[in-house]
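Written below as structure tokens is the structure these notes are about.
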Amino acid sequence: MDNQVKVATTARSGFVTKGRAAVSLLFLMNGFLVGSWAPKIPDFAERLQLSKFELGLMILVFGVGSLMLMPIGGTQIARYGSKRVAQVAAVCLLPCLLALTLSPNVLTGAISIFLFGGFIGAMDVAMNANAVAVEQSMRRAIMSSCHAFWSLGGLIGAGLGGLLISQFGVLWHAQIATVLAAVFLAVAWPMILTDQPHPDEKKEKLRLPLTPLPWLLGLMALFSMVPEGAVLDWGALYLRQELGASVAVSGFGFAAFSLTMAIMRFGGDLVRDRLGGVMTLRICTLFAIAGMLLAAFAPNAEIAILGFAFCGIGISNMVPIAFSAAGNVPGLRAGIGLSVVTTMGYSGMLVAPSVIGFVAEHIGFSVVFMALPVLLVVVLLFSNLARYADGISGGGH
């Protein structure tokens with residue numbers, strides 16, 4: 001086993017352990033800070049006098065920061081264990097929201113958003129690796145519920161952020177959000193599961209894997225997260241511009257998608273324990289394909305919103321299963337496998353939406369949503385690889 005936990009178990013432990021509570025809080029904190037950033041974007045752009053194109057470049061800098069620090073985080077996990085990397089990344093992440101709020105010019109803003117994206121990404125790899133270690137110690141699936149806490153944190157951060165900014169301003173909001181995130185981290189800190197590599201492994205030269213399996217799992221994550229990024233970034237614009245929805249109704253597309261995703265992620269582990277990773281992934285992928293096609297061919301906004309809700313049901317557990325499988329690749333340490341899969345997967349969320357926006361400007365969002373299910377069909381074809389996710393849940397499926 002790549003991650004060596006302090007207490008090995010041969011049978012499934014209780015449903016909630018300290019390690020599970022801690023890693024759930026790490027996911028909640030990470031999602032909360034990402035969600036808190038979303039309502040600050042208009043002020044950030046106005047304060048630095050950024051055009052839409054320049055703001056797009058700034059958001060791309062966030063993505064570049066994530067993609068650069070994710071593989072670095074993965075190699076450090078293999079060397080030091082996920083607990084230490086998660087703690088360091090989380091501490092470094094805490095002041096970033098304040099830095100973004102106080103940035104006086106474009107240069108400091110770019111540095112702040114690069115570091116924000118970078119530490120978000122490094123912490124993401126570490127907390128996913130720690131979730132794999134907790135899964136191994138508990139002998140049950142927890143990855144989907146961890147990602148549900150990330151979704152919940154994002155919803156809380158975005159919702160609370162808008163309220164706080166409107167009432168108290170951006171600086172007070174940044175201070176309150178930072179304190180709340182610090183509280184999440186402080187509660188989780190003493191309970192985070194310790195996982196250590198073998199002493200002789202620390203001396204090995206760390207390199208990217210040469211076997212195709214983690215790269216195929218990364219492709220699955222990538223093709224699962226591109227549609228997710230499309231719905232999150234362009235769903236509201238599609239409803240408003242092409243289906244004539246009002247401003248209020250256009251927001252329901254994201255809300256429906258996020259709601260069904262969070263609900264299904266909380267229930268996804270129980271489903272996966274019962275059906276196994278392969279069957280769960282196949283069912284989820286079919287839901288995602290159906291939802292995307294329903295949204296693409298919808299005659300009105302209401303049907304499209306229903307399609308986005310079905311998409312949320314499907315996409316909810318596709319990436320968590322790919323992450324669990326990456327952390328259990330035979331002969332490969334969890335941090336290395338997860339760094340490959342998270343980097344490839346999140347590149348889909350961070351880079352693809354800008355490409356989609358360029359394409360949609362010429363052919364429309366409806367055609368884009370019609371084409372995205374092709375990526376999900378590829379995930380379906382590779383779904384048998386999800387069997388590696390069952391290495392921790394004792395499913396044997």
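FYI, side chains are in, hydrogens and waters are out, and symmetry mates aren't considered; it's all heavy atoms of this structure.
Between Val340 and Leu217, the closest side-chain pair of non-hydrogen atoms is not below 4.5 Å. The side-chain heavy atoms of Asn384 and Arg387, taken from C-beta on, include a pair separated by under 4.5 Å. Between Leu372 and Leu376 there is no side-chain heavy-atom pair separated by less than 4.5 Å. Side-chain atoms of Met225 and Val319, non-hydrogen and from C-beta on, do get closer than 4.5 Å to each other. Using a 4.5 Å heavy-atom cutoff, the side chains of Tyr388 and Leu213 are in contact. At least one side-chain heavy atom of Ile283 sits under 4.5 Å from a side-chain heavy atom of Leu275. Residues Trp189 and Val91 form a side-chain contact, since some pair of their non-hydrogen atoms from C-beta on lies under 4.5 Å apart. Residues Leu102 and Thr108 form no side-chain contact, since every pair of their non-hydrogen atoms from C-beta on lies 4.5 Å or further apart.
Cluster annotation: Ile165 is not connected to Leu163 through the hydrophobic network of ILVMFWY side chains, with a link wherever side-chain heavy atoms come within less than 4.5 Å. One hydrophobic cluster, built from ILVMFWY side chains closer than 4.5 Å, cannot hold both Leu171 and Leu180; they sit in different ones. Val374 and Leu219 fall into different hydrophobic clusters, defined by Ile, Leu, Val, Met, Phe, Trp and Tyr side-chain heavy atoms under 4.5 Å apart, directly or through other members. Hydrophobic clustering of Ile, Leu, Val, Met, Phe, Trp and Tyr side chains at less than 4.5 Å, counting indirect connections, unites Phe32 with Leu94. Linking Ile, Leu, Val, Met, Phe, Trp and Tyr whenever their side-chain heavy atoms come within less than 4.5 Å puts Met127 and Met191 in one cluster.
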Worksheet item: For Val106 and Leu50, what are the C-alpha separation, side-chain angles and deciding distance, and is it a side chain to side chain contact (heavy atoms under 4.5 Å, CB included)?
Response: CA-CA 8 Å; Val106 173; Leu50 301 175; 4.1 Å; yes

Discussion item. With side chain to side chain contact (heavy atoms under 4.5 Å, CB included) as the criterion, how do Asn317 and Leu281 come out once you've worked through the C-alpha distance, each side chain's angles and the decisive distance to 0.1 Å?
Written reply: CA-CA 7 Å; Asn317 290 302; Leu281 180 64; over 6 Å; no

Worksheet entry | Chi angles and distances behind the side chain to side chain contact (heavy atoms under 4.5 Å, CB included) call for Trp172, Leu164 | CA-CA 8 Å; Trp172 270 101; Leu164 289 175; over 6 Å; no

Worksheet entry | ring pair (Phe, Tyr, Trp, His ring centres under 6.0 Å) evaluation trace for Phe44 with Trp37 | CA-CA 10 Å; Phe44 181 77; Trp37 160 240; 5.2 Å; yes

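Residue pairs meeting the side chain to side chain donor-acceptor pair (under 3.5 Å) criterion with at least one member in residues 112-125, sequence neighbours excluded: Ser103-Ser112, Asp124-Asn128, Asp124-Tyr346. Sorted by first then second residue, the side chain to side chain donor-acceptor pair (under 3.5 Å) pairs that include residues 22-36, not counting sequence neighbours, are Asn30-Trp150.
Here the closest non-hydrogen pair linking Met261 and Ser316 is O-CB, 3.6 Å. Taking all atoms of both residues into account, the shortest heavy-atom contact from Pro227 to Ile315 is CB-CD1, 4.0 Å. A pairwise comparison of heavy atoms in Ile313 and Thr260 identifies N-OG1, 3.6 Å as the closest pair. Considering every non-hydrogen atom in both Leu98 and Gln175, the closest pair reads CD2-CG, 3.8 Å. Of all heavy-atom pairs between Gly19 and Val134, the closest is O-CG2, 3.8 Å. Closest heavy-atom contact between Phe365 and Glu242: N-OE2, 2.5 Å.
Residues Ser383 and Arg282 bring a donor and an acceptor atom of their side chains to less than 3.5 Å of each other. Side-chain contact of Arg265 with Ser145: a donor-acceptor pair under 3.5 Å is absent, judged by distance alone.
Considering CG of Asp43 and OG1 of Thr101, their distance stands at 7.5 Å, rounded to 0.5 Å. The structure places CE of Met29 at 5.0 Å from CG of Leu93, a figure rounded to the nearest 0.5 Å. Put simply, CE on Met123 and CG on Leu26 are 4.5 Å apart, with the number rounded to the nearest 0.5 Å. Here the straight-line distance linking atom CG of Leu100 with atom CG of Leu48 works out to 9.5 Å at 0.5 Å rounding. Atom CE of residue Met292 and atom CG of residue Leu375 lie 9.0 Å apart, to the nearest 0.5 angstrom. To the nearest 0.5 angstrom, Leu152 atom CG is 11.0 Å from Ile263 atom CD1.
Glu135 places no side-chain N or O within donor-acceptor distance of the main-chain N or O of Ser324, the cut-off being under 3.5 Å. When atom types are taken as modelled, the side chain of Asn130 and the backbone of Leu193 share a donor-acceptor pair closer than 3.5 angstrom. A donor-acceptor pair under 3.5 Å is formed between the side chain of Lys40 and the backbone N or O of Val170. Tyr80 contributes no side-chain N or O that, together with a main-chain N or O of Thr75, makes up a donor-acceptor pair within less than 3.5 Å. When atom types are taken as modelled, the side chain of Thr17 and the backbone of Arg20 share a donor-acceptor pair closer than 3.5 angstrom. Side chain of Thr285 to main chain of Leu380: no donor-acceptor pair is present (N/O by atom type, distance under 3.5 Å, no hydrogens or angles).
Between Phe323 and His147, the ring planes lie tilted relative to each other; the angle falls in the 30° to 60° range.
At most 12 heavy atoms of other shown residues, nucleotides or ligands fall within 6.0 angstrom of atom CE in Met279. Crowding of Phe184 atom CZ: a count of heavy atoms from other residues, nucleotides or ligands under 6.0 Å exceeding 12. The environment of CZ in Phe310 is sparse: at most 12 heavy-atom neighbours from other residues, nucleotides or ligands sit within 6.0 Å.
Aromatic ring centres of Phe266 and Phe149 lie closer together than 6.0 Å. Ring centroid separation for the pair His173 and Phe168 does not come in under the 6.0 Å cut-off.
Partners of Phe114 under the ring-ring contact (aromatic ring centres under 6.0 Å, His included) rule, at least two apart in sequence or in another chain, do not exist in this structure.
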